[in-house]
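Note that this is a predicted model, so its numbers are computed, not measured. Both backbone and side-chain heavy atoms feed into the values below; hydrogens, waters and symmetry mates do not. Every chain is numbered from 1, with letters handed out A, B, ... down the list of sequences.
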2 protein chains.
Amino acid sequence: MVVTIKDIAEKVGVSVTTISRVLNNRGYLSDNLKKKVQEAMEELNYQPNEVARSLSRKKSNVFGLIIPDISHPFFGQITKHIEYYAYKNGYKLMLCNSLLNKKKEKEYIELLRASQVDGIIMGSHTMKVEEYMAIKLPLVTLDRRISDTIPYVSSDNYRGGALATKLLLRKRCKKIAYLSGSLQLNLLAKQRHDAFMDQVRGQQIEYVVRQTDLNGFKYREYEPMVRELFQEHPDIDGVFASSDLLALQIIRESRRLGKLIPEELKVVGYDGIQIGGAEDLTTIEQPMQEMGKLAVSRLLQQIGGEETPLETVLPVKLLERGTT
Amino acid sequence: MVVTIKDIAEKVGVSVTTISRVLNNRGYLSDNLKKKVQEAMEELNYQPNEVARSLSRKKSNVFGLIIPDISHPFFGQITKHIEYYAYKNGYKLMLCNSLLNKKKEKEYIELLRASQVDGIIMGSHTMKVEEYMAIKLPLVTLDRRISDTIPYVSSDNYRGGALATKLLLRKRCKKIAYLSGSLQLNLLAKQRHDAFMDQVRGQQIEYVVRQTDLNGFKYREYEPMVRELFQEHPDIDGVFASSDLLALQIIRESRRLGKLIPEELKVVGYDGIQIGGAEDLTTIEQPMQEMGKLAVSRLLQQIGGEETPLETVLPVKLLERGTT
DNA sequence: TTGTAAGCGTTATCAT
DNA sequence: ATGATAACGCTTACAA
């Protein structure tokens, strides 16, 4: 049998209440008692049952994290930081990969509520606004403005888009393309596109916009899009890709075509993923560590009953490297 | 207040036992009753409390996953698959990033036990053998043979090492290097090195072995090691890197030095990560999906009281691509 | 300073 | 077929 608080109580010869007090360091306790209890715990190798605690306290110290795909470097990195700060604050993390599957996302949300998690960080969203509003749990989204009541943490997408586009203009590109994953999926990343358009319109420059309608993260499938782009527009000399992974695909394709980078083609990515192969890529770096930290702290604020600002927009940084 | 089984019972006019029965579909229940209960649940928007269930059933339906770093593509990908199969079997996943920090790993193990998880998948190991043996919980390790009682899932590291090395020999390399992260950390990956040595010894070929003593995943710090290697041995014409990330670093450095790949230098990586930039890399692919699947199923076996084989070694595959 | 007892929301064991 | 009631392991008023 597993050792419980009751066994400790019997061994020491006090009530369970007292043991619980020692455990939580509440109330007045003689040092002698404390010591005896500690010893008994050691001896019996006692471990508190967090499930029982959660039930009793109505608090689980668990956060749910719902993202599309943990194997995507952007989410992998941000998750790393979220875990770091959650752990630091005494919270565990339940990992939920939605794969942008509506049913799975919904099931996970229900599962998280049923599991009495103390808060949810959403980096995925495929359901209707009302369904998120109905969650009634501390909630924060990553890079997604779902409604004007659900707090979100993002980086400055518009500025990122502007920085990237301006760089290409400054480098005297004559015909530039904006490439992105599905725009619908991510409202805020759409601002990169808006910024691109604002920079490009009215300028003496040709431009092309392309987006996948993949509702997924099948990076492999970026390839045909990129190939097609260059077939239709072989004279493109600048590309702003809305993710580093996409940018890498472009670089790969242009190598195949024998286009020299940056001489004949300049490429700017987005995210700032720290992965071999992306290290020479000029890109817009999102402050992933800060984003993770703030996502956690927005949740903690809500749990603590504090006011939480609707928007938390963090600055991005242009990393000018080898591909421009 | 939150709706409980009791509220449903009152509304329907039966006992909580009956509601619980409906919930778990146990025993004999009239269809009429079932329907009425279902309706009441819908109406009151009832959600079972998993914490209470776990306490009562002594089963949480949660697995703990301890890995060094979720932002490393290898672990990101394998985690994706683990999550997939866990979910499919009704288990949630608690994500624990150890950062190869002994204290954190130990704390997490305790936390997982306290949280009554039903099993642990360990992809990290920094503690002493006995400490793992003392876990007394369904356990499976990834790519780590800790003792001969703890089941592990891995791919065939020796064969992977042999395949990679043989390829370089077949391609007529004259001087090849084996590069790896810290060998101590990962007993099984060490077999890649053994295989390398077995292939290379007694052949008419020069070879060099280098390993970081980084006890971490600071990929950035691979750079100096790689640079140094080429300074000391500018005549190397083949490299077997024990991870794709390391291989990418080598490719990067050789570009800088103006060495042509594969003409002047051939590079073989390891892992088969699916990341832009690694797509042209010749590498040894680990069957990550199968590994994730089997890690989960080994845990399920243990939970089900079945015999679990000590070792599960899956085949690797040589992907011959652009860098050889 | 310590103890009694109720309560957290479910499940499980007997009854009936 | 359905119900009482104890039990899961812990916390927390309220007492003493």
(message) Should the side chain of A:S56 and the base of C:dG7 be counted as holding a donor-acceptor pair, with the cut-off at 3.5 Å?
(response) yes
(request) Classify the side chain of B:T17 versus the base of D:dA4 as yes if they form a donor-acceptor pair under 3.5 Å and no if they do not. (result)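 Checked by distance alone, the answer is yes.
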(message) Using the rule salt bridge (charged side-chain N to carboxylate O under 4.0 Å, His left out), only one of A:R298, A:R144, A:R145 pairs with A:E311; which is it?
(response)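 Answer after filtering A:R298, A:R144, A:R145: A:R145.
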Name the nucleic acid region contacted by [X], choosing base, sugar-phosphate or nothing; use a 4.0 angstrom heavy-atom cut-off, strictly under.
X	answer
A:I19	nothing
B:Q47	sugar-phosphate
B:S30	sugar-phosphate
A:R26	sugar-phosphate

Backbone N or O of [Y] within a donor-acceptor pair of the [X] side chain at under 3.5 Å?
X	Y	answer
A:D143	A:S154	no
A:Y85	A:L294	no
B:Q77	B:I273	no

(message) Starting the side chain at C-beta, find the nucleotide from C:dA5, C:dT11, D:dT2 nearest to B:S20.
(response)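 Minimum distance to the B:S20 side chain belongs to C:dT11.
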(message) Can you identify which nucleotide, out of D:dC10, D:dT2, D:dG3, has its nearest atom closest to the B:V14 side chain?
(response) D:dG3
Roughly, in whole Å, what's the span from [atom1] in [X] to [atom2] in [N]?
X	N	atom1	atom2	value
A:M41	D:dG9	CE	P	15 Å
B:I5	D:dG3	CD1	P	12 Å
A:N24	D:dA13	CG	C1'	15 Å

(request) Report yes if a side-chain nitrogen or oxygen of B:R21 is closer than 4.0 Å to either non-bridging phosphate oxygen (OP1 or OP2) of D:dT2; otherwise report no. (result) no
(message) Would you say A:K58 places a side-chain N or O within less than 4.0 Å of OP1 or OP2 belonging to C:dG9?
(response) yes
